[in-house]
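Note: hydrogens, waters and symmetry copies are ignored here, and every other heavy atom, side chains too, is used.
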Amino acid sequence: TGATGPTGVPGLSSGVTFQLNYTSAGPITYSTAVTTLAGASQGFEDNAGTTAKFSNPSATVVDSSGTLYVADTSNHCIRKITSQGVVSIFAGSGISGSKDGIGTNAQFNSPSALFLHSSGTLYVSDTGNHCIRKVSSIGTVTTLAGSTSSGFADGIGSNAQFDTPQGIAVDSLGNVYVADAGNHRIRAITAAGQVSTLAGQSTSGTTDNSGSSAKFNTPTGLTIDSSGNLYVADKNNHRIRKVTAQGSVSTLAGSTSGFANNSGTSAQFNSPVGIAVDSTGTVYVADTGNHRLRTVTSSGVVTTLAGLSTSGTADGSPSVAQFSSPLGIAVGTTGVFYVADTSNHRIRKIIITASDPNAFISTPLTGTMFTPLNSSITSSYIVVPELKTNAHVATFTIPSISMPVITSVTGLWTLGLYTTPTLPASPGTFYFEALDGTTSVGIGTTSTRTLSGLTTSTVLIPARTYSTNLTLKLYVTTQELS
């Protein structure tokens, strides 16, 4: 009168195939390559790849499908680039002006910064018009705040004033933040167009403080992380600043003008302009005066992503790739970045490829199974008696020959077992134990069976050299059958 515990999928009698996901402790190497996605010489031409032309592009953003939007500053429009590199006009006529409208019927004046909201709305710092514009997913352009006259005024819509606004970011609630460069301030705009000042004052400086007690000097780049923290490329202070949602300003990295990879204020930038942040909190900077792209960790450690001290157009590895006064950087999918290479009139692409020497070459792995409950295993499931506690019900052995690399394989391994939910079963739990031969090296967390029949157990495998077959033992606990 045994209860049926977690049961195996059909075909278990001849072995089991399973997928192992783990984090390697071995050295992972990275290779970086810079390519040109679109553009070549200065001009204004829709086309594909290097036959297209831009004029001083200063910012780019990318959507989830890989489509890019570019602030083509001196062409006074927003361009669109498909993932295949085909360039077209998204909004703007190519002639400077301040007209709202659809597509090429609208006008901009030296747009310099973009932010693509999850809703599909594109926010534009229309720098020469001293205002903030919105572009819908179909190219309809409207003005959110500001007028064509520069100045400083908090207020609603066109009653507010900016002076050469540049960097722009939007939070999850739809609040817009602007690096108001000429006013040395960070401004905030509600969805209704109400403009206020978050931090900074009329006098430029380097003071870290809160609200109007803090000082900036021509802040140009702006981005926002998932926690609502703003990161500012404080151009003429040659610093990267951090601003909390409450307006508290601190310096993340940078000091005087120069070039130095280091931590905090020991690092140096030269007139940084563009800035972006990824999901891990790593900040990426277009270090314009140094012709480089830099990275800044959340703790302020600065390194160089790509670029050399001399300007140029060369594609290739970091040792040869060159940029010329890049103003914008955007984060794409993992390891992919897009750069507005302004003085080269190009959009460049940086790809970082990771190589894990300990990764399994062939997955999934196939191992044989043995169960002490039924050594012949002729049925399609394992029957586990009721009221069993941590009963060893199965062993999976992966021969070393099926693991091309077995040295220093370590980390969290997630192991999945499919059960058959249509069969009667007591609410059981299970876990795996990992062994190197007969030596136990890790015991997984106890997991419960889901309604879908998939149950997982996470096993922490320590760093070691696995010189024998990898063995995984399955233990099950069952309850009384009612």
Would T164 and T127 count as having a side-chain donor-acceptor pair, cut-off 3.5 Å?
-> no
Do the side chain of N270 and the main chain of D287 share a donor and acceptor less than 3.5 angstrom apart?
-> no
Side-chain (D278) to main-chain (V331) donor-acceptor, under 3.5 angstrom = no
Could you verify whether a donor N or O on one side chain and an acceptor N or O on the other, from S149 and S147, lie under 3.5 Å apart?
-> no
Using only heavy-atom distances, determine whether the side chains of N209 and T207 contain a donor-acceptor pair under 3.5 Å.
-> no
Do the side-chain N and O atoms of T310 and Q322 include a donor-acceptor pair separated by under 3.5 angstrom?
-> yes
Do the side-chain N and O atoms of S55 and Q42 include a donor-acceptor pair separated by under 3.5 angstrom?
-> yes
Atom of N344, atom of G312 and distance for their closest heavy-atom approach | ND2-O, 2.7 Å
Indicate whether any N or O donor in one side chain lies under 3.5 Å from an N or O acceptor in the other, for T251 and R241.
-> yes
With a 4.5 Å heavy-atom cut-off, do R185 and F152 have their side chains touching?
-> yes
Is there side-chain contact between P111 and I78, with heavy atoms separated by less than 4.5 Å?
-> yes
F269 six-ring face occupied by R294 cation (under 6.0 Å, within 45°) | yes
Okay, side chain of R187, backbone of Q161: is any donor-acceptor separation there less than 3.5 Å?
-> yes
Can you name the closest pair of heavy atoms from P219 and I186 and give their distance?
-> CB-CD1, 4.2 Å
Would you confirm whether R239, through its side chain, and T265, through its main-chain N or O, come within 3.5 Å as a donor-acceptor pair?
-> no
Please determine, by modelled atom types, if T73 and S58 share a side-chain donor-acceptor pair under 3.5 angstrom.
-> yes
Quick one: OG1 on T32 to CD1 on I350, what's the gap to the nearest 0.5 Å?
-> 8.0 Å
May I ask you to check if R133 and Y123 form a cation-pi contact, with NZ or CZ under 6.0 angstrom from the six-membered ring centre and within 45° of the axis?
-> no
CG/N290 to NE2/H238 distance, rounded to the nearest 0.5 angstrom?
-> 10.0 Å
Rounded distance (nearest 0.5 Å) linking atom OG of S343 with atom NE2 of H291 | 8.0 Å
Cation over ring, R292 on F259, under 6.0 Å and within 45°?
-> yes
Between S74 and N56, do the side chains contain an N or O donor and an N or O acceptor separated by less than 3.5 Å?
-> yes
Nearest heavy atoms of L68 and I347, plus distance in Å | CD2-CG2, 3.9 Å
Which heavy atom of G332 sits nearest a heavy atom of V62, and at what distance?
-> CA-CG1, 3.8 Å
D208 bridged to K215 by N-O distance under 4.0 Å | no
Should D315 and R348 count as an ion pair when the cut-off is N to O under 4.0 Å?
-> yes
side-chain contact (heavy atoms from CB on, under 4.5 Å) between Y231 and I224: does it pass, once the steps are laid out?
-> CA-CA 6 Å; Y231 297 89; I224 190 168; over 6 Å; no
Indicate yes or no: at least one non-hydrogen side-chain atom of L114 is less than 4.5 angstrom from one of L122.
-> yes
Any side-chain donor near an acceptor of the partner, N47 and T51, under 3.5 Å = yes
Check: N109 main-chain N/O paired with H76 side-chain donor or acceptor under 3.5 Å | no
Taking atom types as modelled and ignoring hydrogens, do the side chains of S227 and N229 form a donor-acceptor contact shorter than 3.5 angstrom?
-> no
CG-CD1 distance between D126 and I132, expressed to the nearest 0.5 angstrom | 8.0 Å
Out of curiosity, C77 SG to Q107 CD, how far, rounded to the nearest 0.5 Å?
-> 11.5 Å
Does a side chain donor of either S317 or S319 reach within less than 3.5 Å of an acceptor in the other side chain?
-> yes
N262, N261, T295 screened by side chain to side chain donor-acceptor pair (under 3.5 Å) with T303, the one that passes | T295
Is the Lys NZ or Arg CZ of R79 less than 6.0 Å from the centre of F90's six-membered ring, within 45° of the axis?
-> no
T256 and Q268 side chains, donor-acceptor separation under 3.5 Å = yes
Hey, which of N183, N236, V243, T203 is the one that makes side chain to side chain contact (heavy atoms under 4.5 Å, CB included) with F216?
-> V243
Do we see a donor-acceptor contact under 3.5 Å between the side chains of T197 and D154?
-> yes
Between D163 and A181, is there a donor-acceptor pair closer than 3.5 Å when you use the side chain of the first and the backbone of the second?
-> no
